Each structure stands twice: as structure tokens, then as C-alpha cells.
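See below for the structure under consideration.
Counting starts at 1 for both ligands and their atoms, following the listed order. A quick note: this is a predicted structure, and the numbers were derived from the prediction, not measured.
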Amino acid sequence: MLQEVLQQQHQHINVMLRVTPGISAHTHEYDQTGQVDSKFGFDIQSGQAFEALEKVLAIDSMNMLGIHAHIGSQIFEVNGFQMAAKKLIETLADWNQRIGYEAKVLNVGGGFGIRYTEDDDPIAPEEFVDAIVKTVKQETSSKGLITPAIWIEPGRSIVGPAGYNLYTVGSRKDVEGIRSYVTVDGGMGDNIRPALYQADYEAVLASNPTAPIAETVRVAGKYCESGDILIKEQALPASKPGDVLVMLATGAYGYSMASNYNRNPRPAVVFCENGEAKLVISRETYDDLISHDLTI
Ligand SMILES: Cc1ncc(COP(=O)(O)O)c(C=O)c1O
């Protein structure tokens, strides 16, 4: 399909082949992408990846730049990356031996874990990078290959901790002897991750983030789904309607995955730095929501 598009547009492109190295990161099933039974990537073991390589090499409009894998997200150990790098280099050695192919780039993907909750213990970027570079250098030199450029995709680890979702506290429901629900004016429409794959977050009250804890509550979203729970168990100071609740580390996969679920408008995005605030995306209005509706 790509070859046809390139022909029509008289274009040349660089190609990275995404492969599944057969490694599962220790993370939620929906966050795993490197195992063989995955919708992503060409499988190495069955020869599918090699077949793809030969096809790309035979197409003049494609420059076969290198090999790529992404083994999952929220990874807190260097081990998975080392195993993936080894597998990729083994594959490159095999391709080199069979047809003399030399990769210019080796991309080990993203997945560098961040602190969503106190239980998350992220590794410093230097530690990941050192381990990956060391493994790639060792493995390529032991196999007599040129060390390719090493690429990583550290998106979440940069933007995740840089963003917060701000909610206004609304009503409350106390279920005698079981728990209390505190509702907010947002939820799965602005952050689908807790409902989609049970992602954990923490929240504080904006007015006093370090105020003494008074109770543990369930933070519920406003959308018409029982699954629209933002935080299952959150220790909080006493809160009241109108308080602003800050959900931490929502800078990645928040706004980019926001939706108009239940036909709700999406919130605004504000950048803040050194005491200054700048509106960068305005709040959607109900008029925006119906702007594509046709009168029949
Ligand atoms: C190919 C690829 N690279 C990088 C990432 C980013 O992963 P993360 O945000 O967990 O670092 C993803 C996420 O699914 C991905 O599919």
C-alpha cells in the first residue's frame, strides 16, 4: 500500500521496520506491545520480519534505515530494554549474514516509567540510556557489526510529569460502612486511562496540597458510566463542593486522548511557567459540539 502511495506522489521515504522481539514488559496487558501475540510489528521468529526487510530493500522509493521495537509502557527496570536490544542485534546479525544488510539506526522505543503514584519508583533516564548503549555496543562488537545510531522515544517521561488535570469538586455520596464518593466535573472524557486500563493516579487539593489527611475517598467522574472512576482510593483532607482537585502527572495521554464522550465539551489547556499562565487551547463550547450537525 505504501509503495503505491509513494509511486503516486513521486516520493522517497526512510523506513524503520517495527518488529516484535518476543519480550513482554511487566506492565498492564493493554500496555504491552513487544510480545509475539500482538497487533503491532513484524514477528521475528516466523521469518515475517525478514520477509518485510527483503520487500523494503527491493523498493527503490524506500530507504531501509533500521529496526524498531517498543516493548511496552511504564517500565521500571532496564532489563527488558537490554533483552530487547540483544534480540534486535541478534536479528541484525542474522540479516547481515544472510544478505549483508547493515542497519543505520536501532530504535528501542519508549516506555520509560514515570511517577503516577507514590508506589512508582522511576529510574533516572541516565540509567536506562547507559544500560541500553552499553548493551548495544557490547552486542554489536561481539557480532562484528557496526554500532548503529541508537534512538529512543521518551515522550511520556518528558511530558507526563509536566501536566496536571484540575477538577472542581461537586457532590458527594456516602455509602454507609463502605466508602464515600467525591464527584468532580470531569472524568473519562478528559482522561480515559483509569477507565481504559485501570491506570492509577494521585490527587491533592489545590488550596493546600499538604493539609492533613482526613479520609480516603473514591474520586468519581461526571460521565454516565460506573467505570468512570478517576481514582479508586485517594487519601484527602476534608473537601467541599467548589474545591479544586489536582490530579498529578496527566501531561501524557490526557488531552491527546480526550473525547466528547456523552457529547461533553473538552476542557481548556493552560501552560504555566514562573507564575505566568497562558491559555493555549480554549474550552470547547456546546456550539462547537453541534457545529457539524446538519439541519435536515
Ligand atoms: C512505537 C511507540 N513508541 C513509543 C511509545 C511511547 O511509550 P511511552 O509513552 O510509554 O514512553 C509508544 C506508546 O505506545 C509506541 O507505541
Side-chain angles (χ1 to χ4, degrees), residues 2 13-44 48-49 52-53 56 64-85 87-88 91-92 103-117 119-133 136 148-165 190-202 247-259 269:
L2 191 51
I13 53 162
N14 286 325
V15 171
M16 298 284 292
L17 268 194
R18 177 156 179 186
V19 299
T20 41
I23 286 149
S24 314
H26 300 286
T27 165
H28 188 277
E29 189 193 345
Y30 289 7
D31 285 345
Q32 296 178 358
T33 54
Q35 74 277 24
V36 170
D37 184 8
S38 161
K39 75 168 184 173
F40 296 109
F42 294 101
D43 173 41
I44 297 173
Q48 198 179 57
L53 169 77
V56 172
M64 177 59 205
L65 205 58
I67 192 168
H68 172 218
H70 174 76
I71 58 169
S73 286
Q74 278 298 90
I75 300 167
F76 295 103
E77 296 158 3
V78 296
N79 183 273
F81 288 98
Q82 289 170 316
M83 280 161 59
K87 185 73 194 172
L88 293 181
T91 307
L92 288 177
K104 294 176 201 74
V105 177
L106 185 147
N107 184 338
V108 291
F112 309 101
I114 65 166
R115 175 164 291 150
Y116 283 109
T117 73
D119 294 337
D120 295 330
D121 193 10
I123 295 181
E126 300 87 307
E127 234 179 283
F128 277 120
V129 170
D130 284 351
I132 293 165
V133 171
V136 172
I150 303 165
W151 290 3
I152 56 169
E153 299 169 341
R156 178 204 311 260
S157 66
I158 296 170
V159 298
Y164 300 149
N165 276 17
D190 51 76
N191 186 357
I192 188 73
R193 296 186 71 252
L196 187 64
Y197 39 68
Q198 296 88 47
D200 291 322
Y201 285 89
E202 277 176 2
M247 200 153 134
L248 307 169
T250 58
Y253 308 109
Y255 197 83
S256 62
M257 304 203 305
S259 74
V269 177

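- Ligand 1 has an N or O atom lying under 3.5 Å from an N or O atom of G111, backbone or side chain.
- Nearest heavy-atom pair across R156 and F112 is CD-O, 4.5 Å.
- Of all heavy-atom pairs between A49 and I44, the closest is CB-CA, 4.1 Å.
- Inter-residue side-chain proximity for I114 and S157 is flagged as met; some heavy-atom pair is nearer than 4.5 Å.
- Near G110, the atoms of ligand 1 lying under 4.0 angstrom from a non-hydrogen atom of the residue are 4 (C), 11 (O).
- Looking at ligand 1, you won't find any N or O of S157 less than 3.5 Å from one of its N or O atoms.
- Under 4.0 angstrom from ligand 1, the non-hydrogen atoms of H70 all belong to its side chain.
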Kindly determine whether T91 and V19 satisfy side-chain contact (heavy atoms from CB on, under 4.5 Å), including the steps that lead there.
CA-CA 10 Å; T91 307; V19 299; 5.7 Å; no
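- For the pair N107/I152, no side-chain contact is recorded, criterion being any heavy-atom separation below 4.5 Å from C-beta on.
- More than 12 non-hydrogen atoms from other residues, nucleotides or ligands lie less than 6.0 angstrom from OH of Y255.
- At least one N or O atom of Y253, backbone or side chain, sits closer than 3.5 Å to an N or O atom of ligand 1.
- Shown in contact with R18 at under 4.0 Å from a heavy atom are these atoms of ligand 1, numbered in order with element: 1 (C), 16 (O).
- For ligand 1, the atoms lying closer than 4.0 Å to a non-hydrogen atom of H68 are 1 (C).
- The residue F40 has no part lying near ligand 1, judged by heavy-atom distances below 4.0 Å.
- In this structure, R115 is not positioned above the aromatic face of F76 in the sense of NZ or CZ being under 6.0 Å from the six-membered ring centre and within 45° of the axis.
- Where the criterion is an N or O separation shorter than 3.5 Å, residue side chain and backbone included, S73 meets it with respect to ligand 1.
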